[in-house]
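Note that the numbering runs from 1 along the sequence shown for the chain. Ligands are counted one by one from 1 in listed order, and the atoms in each one are counted from 1 as well.
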Amino acid sequence: MSYPHQITSLDDYKSTYKKSIEDPEGFWASVADNFTWRKKWDSVLNWNFTEPKVEWFKGAKLNISENCLDRHLETRGDQPALLWEANDPEEHHRALTYKKLYEKVCQFAHVLKNNGVQKGDRVCIYMGMIPELPIAVLACARIGAIHSVIFGGFSAQSIADRLIDAQAEYIITCDGAFRGAKDIPLKSVIDDALIGIRFVKKVIVYTRTHTPVSMIKGRDVWWDDEIKKVETLGLHDFEPEEMDAEDPLFILYTSGSTGKPKGVVHTCGGYMVYTNYSFVNVFQYQPGDIHFCTADIGWITGHSYIVYGPLSAGASSLMFEGVPTFPDASRFWKIVDKFKVNILYTAPTALRSLMSYGDAPLQDSDLSSLKVLGTVGEPINEEAWHWYDQKVGKGKCPIVDTWWQTENGGILISNIAGITPARAGWATLPLPGIQPVLVDEKGIEIPYKEGETASGNLCIKFPWPGILRTTYGDHERCRQAYFSAYPGLYFTGDGALRDSEGFYRITGRVDDVLNVSGHRIGTAEVENAINMHAGVIESAVVGYPHDIKGQGIYAFVIYNGREDSDERNRKDILATVTRIIGAIAKPDKIQFVTGLPKTRSGKIMRRILRKIAEGEMKNLGDTSTLLDPGVVEEIKSGKL
Ligand code: WTA
């Protein structure tokens, strides 16, 4: 039995796509009919991209956790909903059936309520990749609280910034997290983040690593103690809060080209419909399949394709606590065999890293359970694509190259596994309901003509249910960032090629956002962090091609600190960035310079720095508008 609205052939894709463009409201209403609504919508879509305002299924009432849990109990209650593999391969794995997950979510919803959390409150979740993380997420959704998951690699300062922006009064965390050979002391990072923050009312702490933690009286409580109280009362159910389709479901912070990360807001109804639709279609999920998405739930991929997409479809979703290279580079393949994984969804950076270990780590694995492979987060180079195809998929598994963004909620451009054609390095065709357009530098649309190729900036001209609704607390920022560059269009920040058949190839960001190991990092953010260091006068950060990470971070720094050793100064800067943002934002290269190439109006010419970082010294383009062209010569000759 497959899913209603699952595309079954190339012709079906073509006719569905056509219908979705001709009658978007009719199309999405018929998809939405397959969910549990307490009340149906008054209108399918109201929108304009000027304010912007986007409302899907306005007036409808639902709870997404009811759609992810309750509605599966009768038919799939004993089927695994969440499977979990620990960091340590010796530790026993866990399997939570839909019934068990339902009970755990309900119990934790009681815990949240008992601790004062109410509908609309913001709850920050800072946990490792253990089942209690999706349990916390779904419990928030069940009571109507807005979750904001923060990736476990972010620093105390980054957490504090997000807590303040979201005015989150509740935090759910762990004593620590296991990641590869490391233990990360999560609670202690939270304690540091909370120095100076007075508005946080409760911190709920789950015990995972048994790392010593300090518990503040009246504020900090243990997850297990709170659950025991609920169990003693014999509570196993929790009536889900009725939410409006347009009520916020979560906030997820993501980097842009300016300033601090933005809190992208997704809402209950549209996000649910879109993640479910894209999940069952792109991966061609069939009931009973084991779906393994290797992302962290701290990123959008984990939200949409570990938690909400799979669970709303009644799927079995496998999550992994650790990293692909621990205890060695055969870990993913061992997990695939152990759980008989059917769908594997990972990032090109992980594939490139695993490739560098050669074929030996794959040798003892059978991998015959695999049916579909997916990649996400960054462009995939052809070498990695072919390696994935041949060594992992044994040439028999379609690879879906899924392009999308935090702001999109779900996959927008991708081939559909085994149904629409795959091509190495190409995300290929838009999903039904998605209307991509390319625009030139002047903002003029380059219309698609059969047989013609084009390149330009990638925009989307019509809303889909999973599009962001706002950036938390600052709607104008949302307008500025996504809807102002090309009036009437949503601008993605990516450049793309389109071939003669209308296939898209994403070429990467055209703004000042880096994609390092599939993580989005704003150059401005890294510069601000570097500039916090006492010895730094000014800095400029650009990306450069990196064999494993896709992009590396290259920082040009004017330094006036301790003269003794560049090496030591470098380390001090790295320590500062780690403290301000987190280790993921540490520059790979730091070059000390005495000046930066600037225009007469004082703007840093990043184009030139990018070329230098890429090692393309000869082809720097026009430098005549520079205030001091001599600076470029110095930087070019400078040692690293
Ligand atoms: C990039 C991750 C090429 C792109 C889901 C986008 C990709 C940014 C692909 C969003 C892909 C994502 N091919 N590039 N298949 N998928 N990107 O918000 O530059 O973390 O704008 O969302 O990743 O990153 P984000």
Close-contact set for ligand 1 against D401 heavy atoms, below 4.0 Å: 11 (C), 13 (N), 15 (N)
Ranked by distance from atom 19 (O) of ligand 1, the top protein heavy atom is D494 OD1, 2.6 Å
Under 4.0 Å from any heavy atom of V376, which atoms of ligand 1 are there? 5 (C)
Short list, please: which atoms of ligand 1 are under 4.0 Å from a heavy atom of T402? 9 (C), 11 (C), 15 (N), 16 (N)
Which heavy atom of the protein is the closest neighbour of atom 3 (C) of ligand 1, given with residue, atom name and distance? P379 N, 3.1 Å
Any N or O of T492 closer than 3.5 Å to N or O of ligand 1: no
K260/D165 ion pair, N-O < 4.0 Å: no
Quick check on G377 - does any of its heavy atoms sit under 4.0 Å from an atom of ligand 1? yes
Using a strict cut-off of less than 4.0 Å between a Lys/Arg side-chain nitrogen and an Asp/Glu carboxylate oxygen, indicate whether K549 and E378 qualify as a salt bridge. no
Numbering the atoms of ligand 1 from 1, which are under 4.0 Å from a heavy atom of I506? 3 (C), 14 (N)
Going by distance only, is there an N or O of T301 that falls short of 3.5 Å from an N or O of ligand 1? no
Should Y274 and V31 be marked as a side chain to side chain contact (heavy atoms under 4.5 Å, CB included) after you check the CA-CA gap, both sets of side-chain angles, and the distance that decides it? CA-CA 9 Å; Y274 198 72; V31 172; over 6 Å; no
Ring of F154, cation from R162 - is the NZ or CZ under 6.0 Å from the centre and inside 45° of the axis? yes
Determine the interplanar angle of the H147 and H303 rings, folded into 0 to 90°, and report it as parallel if under 30°, tilted if 30 to 60°, perpendicular if over 60°. tilted
Heavy-atom nearest neighbour in the protein, as seen from atom 18 (O) of ligand 1, with distance rounded to 0.1 Å: T406 OG1, 2.5 Å
Using a strict threshold of under 4.0 Å (side-chain N to carboxylate O), is an ion pair present between R469 and D247? no
Taking both backbone and side-chain atoms of E407, is any N or O found less than 3.5 Å from an N or O belonging to ligand 1? no
Under a 4.0 Å N-O cut-off, is there an ion pair linking E476 with R479? yes
Hey, is ligand 1 close enough to Q405 that some N/O pair sits below 3.5 Å? yes
Apply the test side chain to side chain contact (heavy atoms under 4.5 Å, CB included) to residues I413 and L458: give CA-CA distance (whole Å), side-chain angles for both, the deciding distance (0.1 Å), then the verdict. CA-CA 11 Å; I413 302 183; L458 180 61; 4.3 Å; yes
For atom 13 (N) of ligand 1, what is the nearest protein heavy atom, given as residue, atom name and distance? E378 O, 3.4 Å
Go through the steps to decide whether F292 and L370 satisfy the test side chain to side chain contact (heavy atoms under 4.5 Å, CB included), and finish with yes or no. CA-CA 10 Å; F292 178 24; L370 288 172; over 6 Å; no
Any idea which part of N515 is under 4.0 Å from ligand 1, heavy-atom wise: side chain, backbone, both or neither? side chain
Is N515 reaching over with its side chain to a backbone N or O of G377, donor-acceptor style, under 3.5 angstrom? yes
Heavy-atom nearest neighbour in the protein, as seen from atom 24 (O) of ligand 1, with distance rounded to 0.1 Å: R520 CD, 3.2 Å
Heavy-atom contact check, 4.0 Å cutoff: does W404 meet ligand 1? yes
